[in-house]
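What follows is a short report on a single structure.
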Amino acid sequence: MKTTTDLQRRKLLKYTAIGIAGAVTYPSWTQAAGELVRVNKPSTDFLPDVEIELTMNTAEAAILKGEKTRVWKITGKVIKGDSGVLDNNEGTYLAPTLSFKKGQKVRLILNNDLPAQSILHWHGLHVPANMDGNPMYAINRGETYIYEFEILNRAGTYFYHSHAHGVTARQVYSGLAGLFIVSDDQEQALHLPSGNLDVPLVIQDRSFDGQNQLVYSANMMQRMQGFLGDQILVNGRPDFALPVATRAYRLRLVNGSNSRIYKLAWDDGTPMTVIGVDGGLLEKPEQHAYVMLAPGQRRELWVDFSKREIGAELTLRSLQFDIDMHSGMGMMGHGMMGHGHGMMGGMMSASSLTLGSDYPILKIRVAKKEQGDNTLPKTLTPIAELHAKNAANAGKPKTIALSMAHMSALLNGRSYKMDDIQPDEIIPVNSLQLIEFDNGFDGGMHGMMDMPHPMHLHGEQFQIVKREVSAHVTDNYATVSSGLINSGWQDTVLVMPGEKVTILKPFNDFKGLFMYHCHNLEHEDMGMMRDFLIK
Ligand code: C2O
Ligand code: CU
Ligand code: CU
């Protein structure tokens with residue numbers, strides 16, 4: 001184990017000194033020769049139920065016909081526990097799918113064999129601050145980071161990805177992202193479709209050059225709007241087709257794209273039956289004509305093929321929508337964005353697959369007859385509703401203004417900086433906080449561009465209290481609004497231009513730094529990311 005850089009050492013000293021609430025202090029960090037050095041051995045007082053070694057390395061994957069594509073691949077090995085906890089997704093760039101049960105203690109040994117610094121973050125999971133993959137913990141090639149934590153989350157579709165500062169977008173694009181599925185007894189008692197009938201679908205967009213190599217470009221425009229690929233991949237594969245039996249299925253949709261927002265619908269008009277969101281199952285199924293899926297978000301669908309004929313096909317599409325929300329703002333932005341479509345609409349987009357246009361995501365084909373119970377439970381899992389009156393800052397929400405201007409993407413006018421906690425970013429541990437994301441709602445923070453921002457908070461899942469839309473928002477909002485799902489536990493909320501979204505978020509159990517940022521990964525890398533210090 002190499003020692004960390006001076007800068008990191010300084011951070012570690014500063015923040016690990018703050019410590020973690022409760023008894024959880026693993027893995028240990030020791031003082032060696034007067035300096036803080038990352039300990040390369042597991043802590044002795046942590047007894048894992050599951051232990052997995054994950055190695056990040058360069059690799060090749062056969063994605064398109066012909067030449068293989070160079071990717072960054074994570075490969076896992078189960079050291080302790082059932083082999084079913086890990087699926088390496090061999091042959092794709094997708095990181096291993098990890099499947100755990102609530103209450104399990106897991107040790108994840110992360111080796112970095114990449115020619116770059118990196119660190120993994122467990123998106124949506126409630127873990128101690130030093131287990132959360134904050135960019136300050138990035139490790140160099142040849143270094144190892146040991147994660148040890150208990151799965152406290154309820155059953156749900158979580159995921160994990162690189163969180164190295166300034167290069168998250170590029171690293172996720174290259175392959176450093178995978179699924180982290182949690183199950184629990186409550187979920188299992190519902191007997192939802194399982195095994196082959198439970199299908200995770202990671203949706204991403206990529207661009208390839210003539211030699212089948214990934215193209216990632218981040219010129220000014222591509223950073224301001226977010227990188228958009230030319231081609232949709234599902235679970236790391238193009239032209240994804242899913243053969244199904246005449247049964248009901250549980251489809252776990254994950255938006256693992258850098259910046260692309262999807263408006264998902266079945267092509268034959270069948271309503272979408274949503275059973276889960278970021279933080280697991282809803283209280284009861286909801287029907288929507290279409291479902292918006294922003295980067296970082298997950299939506300679980302239930303879909304029944306039992307009444308369909310063998311050979312029948314169903315396509316999941318992304319439908320047309322408009323994100324240019326304001327009218328007559330008279331801001332510089334509109335001259336720049338043009339009418340109706342604007343820059344985000346593709347006029348200046350580098351992608352041949354315009355954001356908000358209509359295109360297929362994947363095709364489902366009914367391939368065989370199969371008998372079985374296909375009933376959807378009327379109720380799923382109870383969710384205790386959070387109440388604004390119980391917030392520590394009830395009546396005085398913490399406002400986070402989202403803005404973009406002059407090559408910067410800002411939160412309350414600030415850009416990301418390590419070690420830069422401001423007074424309004426300090427939150428008492430074990431408190432419930434009312435937070436509002438203001439994306440030009442009050443008209444006061446307009447930059448050059450109005451853009452949707454999928455806002456993500458690390459740590460515990462939150463609940464959406466309300467959405468408010470500014471009076472000058474156009475009809476375009478109606479092209480997305482009924483697909484925004486506001487119920488259940490969430491960790492990433494899409495805040496449209498002109499909107500103010502209020503959430504209630506618990507900050508329980510763990511002290512330390514927990515990030516909040518835009519999950520448009522180019523925006524994140526441009527600085528639209530900050531830390532809360534929980535103390
Ligand atoms: Cu999925 Cu801080 O990210
Ligand atoms: Cu996260
Ligand atoms: Cu953003």
Side-chain angles (χ1 to χ4, degrees), residues 95 118-127 129 131-138 147 153 156-169 171-173 176-180 202 204 222-228 254-261 278-279 294-298 323 343-344 355 400-405 407-412 415-416 437-440 445 447-462 489-497 499 501 505 510 513-532:
S118 195
I119 193 71
L120 294 180
H121 161 64
W122 319 102
H123 179 123
L125 288 165
H126 180 40
V127 297
M131 298 291 108
D132 192 47
N134 188 291
M136 73 176 172
Y137 295 121
Y147 297 90
N153 284 64
T157 308
Y158 305 96
F159 79 125
Y160 64 99
H161 56 79
S162 160
H163 220 305
H165 177 51
V167 290
T168 293
Q171 294 199 350
V172 167
Y173 187 78
L176 300 189
L179 286 154
F180 192 117
V202 181
Q204 296 172 309
Q222 283 149 353
R223 289 167 64 195
M224 293 296 275
Q225 70 173 16
F227 176 87
L228 296 168
V254 180
N255 186 344
S257 313
N258 284 27
S259 88
R260 186 177 290 274
I261 298 167
D278 300 342
Q297 290 185 320
R298 288 86 68 209
I323 44 104
M343 187 163 66
M344 291 292 296
L355 183 70
I400 300 170
L402 318 177
S403 65
M404 296 197 78
M407 280 309 286
S408 57
L410 306 169
L411 299 171
N412 280 338
S415 192
Y416 178 70
F437 294 108
D438 183 338
N439 191 7
M445 281 300 289
M448 281 164 56
M449 298 163 83
D450 298 327
M451 215 164 269
H453 298 289
M455 294 306 300
H456 170 55
L457 291 91
H458 286 206
E460 274 175 285
Q461 301 278 321
F462 55 78
W489 292 104
Q490 316 255 355
D491 59 50
T492 308
V493 60
L494 182 60
V495 188
M496 297 301 291
E499 257 196 316
V501 181
K505 173 161 158 66
F510 305 121
L513 295 179
F514 289 91
M515 316 205 85
Y516 62 103
H517 61 87
C518 180
H519 221 283
N520 175 320
L521 298 183
E522 282 70 33
H523 291 180
E524 173 184 333
D525 282 346
M526 274 172 74
M528 203 167 191
M529 171 164 87
R530 299 283 303 173
D531 284 304
F532 281 130

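Each ligand, and each atom within it, is numbered from 1 in the order the structure gives. Being a predicted model, the structure only gives us computed values, none of them experimental.
Within His517, the N, O or S atom lying nearest to atom 2 (Cu) of ligand 1 carries the name NE2. Take the N/O/S atoms of His121: the one nearest the Cu ion (ligand 2) is NE2. Looking at His523, its N, O or S atom nearest to the Cu ion (ligand 3) turns out to be ND1. The Cu ion (ligand 3) is closest to atom ND1 of His453 (considering only N, O or S atoms).
Because the distance cut-off is set at 2.8 Å, His519 fails to qualify as a neighbour of the Cu ion (ligand 2), as none of its N, O or S atoms comes that close. Atom 2 (Cu) of ligand 1 has no N, O or S atom of His123 inside 2.8 Å of it. Atom 2 (Cu) of ligand 1 has an N, O or S atom of His163 under 2.8 Å away, backbone or side chain.
Aromatic ring orientation, Phe510 versus His126: tilted (interplanar angle from 30° to 60°). Taking the six-membered ring where tryptophan is involved, the planes of Tyr173 and Phe227 are perpendicular, since the angle between them exceeds 60° and thus also 30°. Under the 30°/60° scheme for interplanar angles, the aromatic rings of Phe180 and Tyr160 are found to stand perpendicular.
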request  = Please test Asp491 against Gln461 for side chain to side chain donor-acceptor pair (under 3.5 Å), starting from the C-alpha separation and ending with a verdict.
outcome  = CA-CA 5 Å; Asp491 59 50; Gln461 301 278 321; 2.8 Å; yes
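Residues Glu524 and Cys518 form no side-chain contact, since every pair of their non-hydrogen atoms from C-beta on lies 4.5 Å or further apart.
The ring pair (Phe, Tyr, Trp, His ring centres under 6.0 Å) test with His517 singles out one residue from His163, His453, His523, and that residue is His163.
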